[in-house]
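Data block below; observations after.
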Amino acid sequence: MQKNSYLDYKEIIAETVGTVLAESGVEKEALYALIEYPPDEKLGDLALPCFQLSKVLRKAPNLIAEELENKIDPAPYFEAVKATGPYLNFYVAPVPLVKDVLAKIITSGSKYGARSVGGGQNIVIDFSAPNIAKPFHVGHLCSTVIGNALYKIFEFLGYNCVGINHLGDWGTQFGKLITAYKKWGSAEAVEKGLIKELMRLYVKFHTEAEQDPALEDEARAWFRKIENGDEEALSLWRWFKEISLEEFQRVYDILEISFDSMAGESFYNDKIDAVVNELKEKELLVESDGAAIVNLDEYGMPPCLILKKDGSTLYATRDIAAALYRKKTYQFVKALYVTGAAQSLHFKQWFKVVELMGYDWAKELVHIPFGLVSLKGEKLSTRKGRVVLLEDLLKTAIEKTLAIINEKNPSLLQKEEVAQTVGVGAVVFGALSVNRIKDVTFSWEEALSFEGETGPYLQYTHARACSILRKAGYSPDAGVTFAPERLNEPAALKVVKALYLFPEKVLSAANEFEPSIISRYLIELAHTFNGFYHECQVLVDDQDLQQARLVLVWAVKTILATGLGLLGIKAPEQM
RNA sequence: GCGUCUGUAGCUCAGCUGGAUAGAGCAACGGACUUCUAAUCCGUAGGCCGCAGGUUCGAAUCCUGCCAGACGCGCCA
């Protein structure tokens, strides 16, 4: 059982019930895992189903529940313990709950929910990884924001994260691009059109190549030149890369996402031979149709391709080289790869190869897959020019937000800044609000929706809370003491119970590599708070009541900001 | 053909390490702004949880089969 510094009712219940049942050999850990939250508040706040205990205790579950009800003293954490059929229901005593949770949030501030379980160990997170010379489109959004959120979440839990942008800056596509540039491009056009011009050339290459397959050979020849260090080819490659990076950087600046390393694929060029040699030495390489492979029949997988017929490398080779390099450089306890679910087999294969090489840290490699983004049911395709640029989406979202502000809150100061925060927040939250694995069909309408379960909803709730605090001139330094018993309305208690869940939700989000757990939680928290907001006036004459409510509002504001922060979203004070 | 993932309200999704009466948002309809920001809140309506078996005291959740969709399966990444 993980002891932590946060109030943990499951632990309290496991402890007390465990003590009662000590002689029957029921483990406290097992009890902890059984405890659940009842579906209806009438059934209490926590419940212990006794079905499974009945096997060990050789007694009917409802009898067990009854006996436990009689043997357990609910005080001080519960006001009642009641057997309801086969369930033992626990009713939380409000005052200790309110006091403990709010006091802890006040004293920890933005650190509430944080832990030190990571112990400063390194976690490498490989995310975003757009391809050079291709536009940064909505398909890259998931990897970018999921990776960023996991980065923040693990840092929050005491790990030291290393964010790596494994740029797609090597490969045959550069040969294609140079071919197209030579035939249909010019320096002026590229200087002027930048990545959009590169994209035009790339698309043109593919349409022309359908008629004239010889172009493909030309492209391969140009890529070979890059690999052989031909100066003209290399300088074009560097130029294209520079242009792309500048464009990517603009998007990262808008998203306020940064990386600790921009080592892309080309970075590993000089590290691949050693890997191939090692695979040979360990007798893992087998020749097959002229290519060098690692056979994985035994593990029910197709073989992992290491070298092509012509001796050149493939992306599995590169990934293995990168993993070895990262292990040596960062001593990670986990390496996360945030890429599309389509690559699941690829990762399974080369993870296995690393294991077969004798590295036990292969088990620390984790693929974090996410679903496919499509456009009107059709795949995104750079080649066909069917994409939505991320920058366009973000800019549209910001413009729309500005229009809403001008309509609803025209006197707001720093409109542009707020519009940016909210517009970007809407897009980012949209990508983080559903389970990673779900495929999504991009729709402008949905991406630009600001009502209901959206980022702006959370930001709006936060801004409202800030507004109350501002009017009251409240800050926690002004007074941390408050009367917990005054927060006795159901609406207020619901909010406190929602706040209580935050640390637990952050932990699950990390364990499951699933930021959407935090997204959904924040929606729930905001919803309970908005209910409270409508029902209970905070600024009232009764000073004790007002003080208690202000503490609650401050706590909600803090958790909303912290939670949004973990998702990589900012929370404006006004909007 | 083989493999992986997905299938829950009209739409988008929670719930899936088995537990009590399957929950939200959007859209629809009806209500709440002289009161801390209505980007809000409250209410109504909406369900063979893809289908069929099985395991179990108990299945949306686990197992098997089938159906539908997405993705993957050696020289792209």
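Within every chain, numbering begins at 1; the chains are lettered A, B, ... in the order of the sequence lines, protein sequences first and strands thereafter.
When the nearest nucleotides of RNA chain B are assigned to A:Val440 and A:Leu412 by heavy-atom distance, the more 5′-ward of the two goes with A:Val440. If A:Thr84 and A:Asp310 are placed on RNA chain B by their nearest nucleotide, the residue sitting closer to the 5' end is A:Thr84.
Figure legend. B:rU40 is base-paired to B:rA32; pairs are counted as Watson-Crick or G-U wobble with both atom distances under 3.5 Å. Across all strands shown, B:rG47 forms no Watson-Crick or G-U wobble pair with both key distances under 3.5 Å. Searching all strands for a Watson-Crick or G-U wobble partner of B:rU17 with both distances below 3.5 Å returns nothing. Nucleotide B:rU4 is matched to B:rA70 when pairs are restricted to Watson-Crick or G-U wobble geometry with both distances under 3.5 angstrom.
Looking at A:Ser344, its side chain has no donor and acceptor atom pair within 3.5 Å of the base of B:rG72. A donor-acceptor contact under 3.5 Å is formed by the side chain of A:Tyr315 with the base of B:rA77. Between the side chain of A:Asn89 and the base of B:rA20, at least one donor-acceptor pair of N or O atoms lies under 3.5 Å.
Within the nucleic acid shown, A:Ala291 comes within 4.0 Å of at least one base atom, counting heavy atoms only. Looking at heavy-atom distances under 4.0 Å, A:Leu345 makes contact with sugar-phosphate atoms alone, never a base.
Regarding contacts with the backbone of B:rG74, every side-chain N or O of A:Lys309 stays at 4.0 angstrom or more from both OP1 and OP2.
The listed nucleotides are B:rU6, B:rC36, B:rC57; the one nearest the side chain of A:Tyr533 is B:rC36.
One C1' atom belongs to B:rA60, the other to B:rC48, and the distance between them is 12 Å to the nearest Å.
Using a cutoff of 4.0 Å between basic side-chain nitrogens and carboxylate oxygens, A:Lys308 and A:Asp310 are not scored as salt-bridged. Salt-bridge check for A:Glu489 with A:Arg549: passed, with a basic side-chain N closer than 4.0 Å to an acidic carboxylate O.
The six-membered or imidazole ring of A:Tyr457 lies away from that of A:Phe429, with a centre-to-centre distance of 6.0 Å or more.
Screening A:Phe127, A:Phe370, A:Phe347 for a ring pair (Phe, Tyr, Trp, His ring centres under 6.0 Å) with A:Tyr337, the sole residue that qualifies is A:Phe347.
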